[in-house]
Amino acid sequence: MREYITLSEEVRIAQEQGKPIVALESTIISHGMPYPQNVQTAREVEQIIRDLGAVPATIAIVDGKIKIGLSDEELEMFGKSSDVAKASRRDLAYLLAAKKKGATTVAATMICAELAGIQVFVTGGIGGVHRGAETSMDISADLEELAQTNVAVVCAGAKSILDLGLTMEYLETKGVPVMGYQTEVLPAFYTRSSKFNVNFRVDDVETIASTLKTKWDLQIKGGAIIANPIPEEHAMDEAAISEVIEKALKEAEEQHISGKDVTPFLLAKVKELTGGKSLESNIALVKNNAVLGAKIAVSLHSFH
Ligand code: PSU
Ligand code: MN
């Protein structure tokens with residue numbers, strides 16, 4: 001196992017000293033935001049985590065290794081390169097064996113984090129059940145991963161490019177708890193609310209951490225979602241974002257986009273149609289999630 005994993009110096013020392021570590025994904029850098037904002041955001045998110053007493057570990061596939069913690073040069077490379085594959089569960093083994101570059105999705109980052117003994121992972125939004133999945137069968141591997149891999153995912157909910165109701169049903173079937181941080185309703189990434197409720201409203205970090213500890217103590221396998229609404233001042237107008245998403249979905253259908261290209265296509269369209277506003281929101285919500293994730297990691301760590 002160890003032969004496939006390379007820890008950065010910072011992460012290696014953190015593990016030796018028994019410090020709390022927070023995993024971060026790389027698809028958000030390579031496929032989620034434009035350069036240079038992607039690299040700048042990645043660095044700022046890492047610093048937020050350090051300032052709160054945890055250690056960041058951005059995860060990616062390079063040179064036949066799972067890198068847990070990226071150097072400045074690697075971050076820059078992932079932010080700039082156009083030849084980085086989107087790496088989900090099914091892609092990991094091949095990308096490692098073929099020594100190709102891979103930016104890990106939520107599913108793949110969870111796998112790698114668990115291998116490295118990291119329990120908390122911060123991102124923007126998760127994949128889910130796509131609209132029309134009853135015929136397309138397009139359901140993100142992120143959901144199945146949440147069902148089986150013991151990593152908590154802090155996110156701002158899921159974008160309404162997905163069917164949020166079906167996504168919640170799927171998570172319920174798989175026994176994945178969705179906790180809302182200081183909210184009863186499932187946030188929808190760019191907006192603070194949706195038509196759906198979370199399973200549990202939790203107002204304090206300690207209860208989130210002790211819920212995770214209890215779940216894993218009981219060996220109830222799988223992760224958990226901690227849904228953290230975007231800060232009010234950065235939220236987008238609900239009607240405006242819905243219109244953009246409808247347009248993006250229509251274009252995806254017209255162009256017969258399928259498979260792993262669906263999510264990146266929709267994300268790129270939404271960005272194109274909203275201009276800078278959605279990028280600004282995206283950056284703000286990831287930073288907000290980093291604050292919460294670092295606090296959860298520190299709290300969870302205090303039980304050890
Ligand atoms: N949703 C977002 N931003 C993202 C993604 C999803 O709002 O960057 C990325 C994440 O890496 C997620 C992946 O794990 O897309 C899901 O892709 P798919 O639907 O193909 O599983
Ligand atoms: Mn898909």
Side-chain angles (χ1 to χ4, degrees), residues 23-34 37-38 41-42 45 58-61 78-79 84-92 95 102-113 121-147 149 151 153-164 166-167 170-171 176 186-191 194 223 225 227-230 236 241 244-245 248-249 252-253 256-271 274 278-286 288-289:
L24 298 161
E25 64 158 304
S26 44
T27 295
I28 191 171
I29 302 172
S30 291
H31 299 87
M33 287 183 198
Q37 288 93 337
N38 54 0
T41 303
V45 162
T58 303
I59 294 176
I61 309 302
F78 272 96
V84 176
K86 175 180 160 190
S88 196
R89 164 175 272 266
R90 63 123 190 254
D91 310 293
L92 275 184
L95 293 172
T104 52
T105 63
V106 169
T109 306
M110 287 178 75
I111 295 172
C112 299
F121 162 27
V122 164
T123 188
I126 56 164
V129 180
H130 281 261
R131 297 202 206 172
E134 59 276 20
T135 50
S136 70
M137 291 185 69
D138 190 349
I139 300 173
S140 174
D142 292 353
L143 299 185
E144 199 56 41
E145 209 57 56
L146 281 156
T149 300
V151 173
V153 180
V154 181
C155 64
K159 289 198 178 86
S160 53
I161 55 171
L162 302 172
D163 187 319
L164 297 185
L166 292 185
T167 300
Y170 194 101
L171 291 166
V176 178
L186 179 70
F189 197 88
Y190 293 122
T191 56
S194 67
I225 293 174
N228 187 28
I230 183 172
M236 294 185 74
I241 194 72
V244 161
I245 284 170
L249 287 164
E253 201 182 322
H256 306 291
I257 308 293
S258 68
K260 72 171 187 176
D261 298 332
V262 173
T263 298
F265 179 90
L266 292 172
L267 297 179
K269 271 288 155 212
V270 168
K271 238 178 299 164
T274 56
S278 70
L279 181 59
E280 186 249 312
S281 295
N282 205 338
I283 292 169
L285 68 85
V286 176
N288 188 48
N289 293 344

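As the structure lists them, so they are numbered: ligands from 1, and atoms in each ligand from 1. Heads up: numbering here begins at 1 and tracks the sequence.
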Could you tell me the residue and atom name of the protein heavy atom closest to [atom], and the distance to it rounded to 0.1 Å?
atom                    : answer
atom 12 (C) of ligand 1 : Asp142 OD2, 3.3 Å
atom 7 (O) of ligand 1  : Lys159 NZ, 2.4 Å
atom 21 (O) of ligand 1 : Ser140 OG, 2.7 Å
atom 17 (O) of ligand 1 : Lys86 NZ, 3.2 Å
atom 19 (O) of ligand 1 : Thr263 OG1, 2.6 Å

For the residue pair Thr149 and Glu145, confirm or rule out a side-chain donor-acceptor distance under 3.5 Å. yes
Is His31 close enough to touch ligand 1? Criterion: a residue heavy atom under 4.0 Å from a ligand atom. no
Answer yes or no: is there a donor N or O on one side and an acceptor on the other, between the side chain of [X] and the main chain of [Y], under 3.5 Å?
X      : Y      : answer
Thr104 : Glu25  : no
Thr27  : Thr105 : yes
Ser30  : Phe78  : yes
Lys86  : Asp261 : no
Asp142 : Ala107 : yes
Asn38  : Gly79  : yes

By number and element, which atoms of ligand 1 are closer than 4.0 Å to a non-hydrogen atom of His130? 19 (O)
Gly125 heavy atoms within 4.0 Å reach ligand 1 at atoms 1 (N), 2 (C), 6 (C)
Heavy-atom contacts under 4.0 Å between [X] and ligand 1: side chain, backbone, both, or neither?
X      : result
Val106 : both
Thr27  : side chain
Glu25  : side chain
Leu267 : side chain

Any side-chain heavy atom of Lys260 sitting closer than 4.5 Å to one from Arg90? yes
My understanding is that only one of Val176, Val106, Thr167 makes a side-chain contact (heavy atoms from CB on, under 4.5 Å) with Leu143; could you say which? Thr167
Hey, which N, O or S atom on Asp138 ends up closest to the Mn ion (ligand 2)? OD1
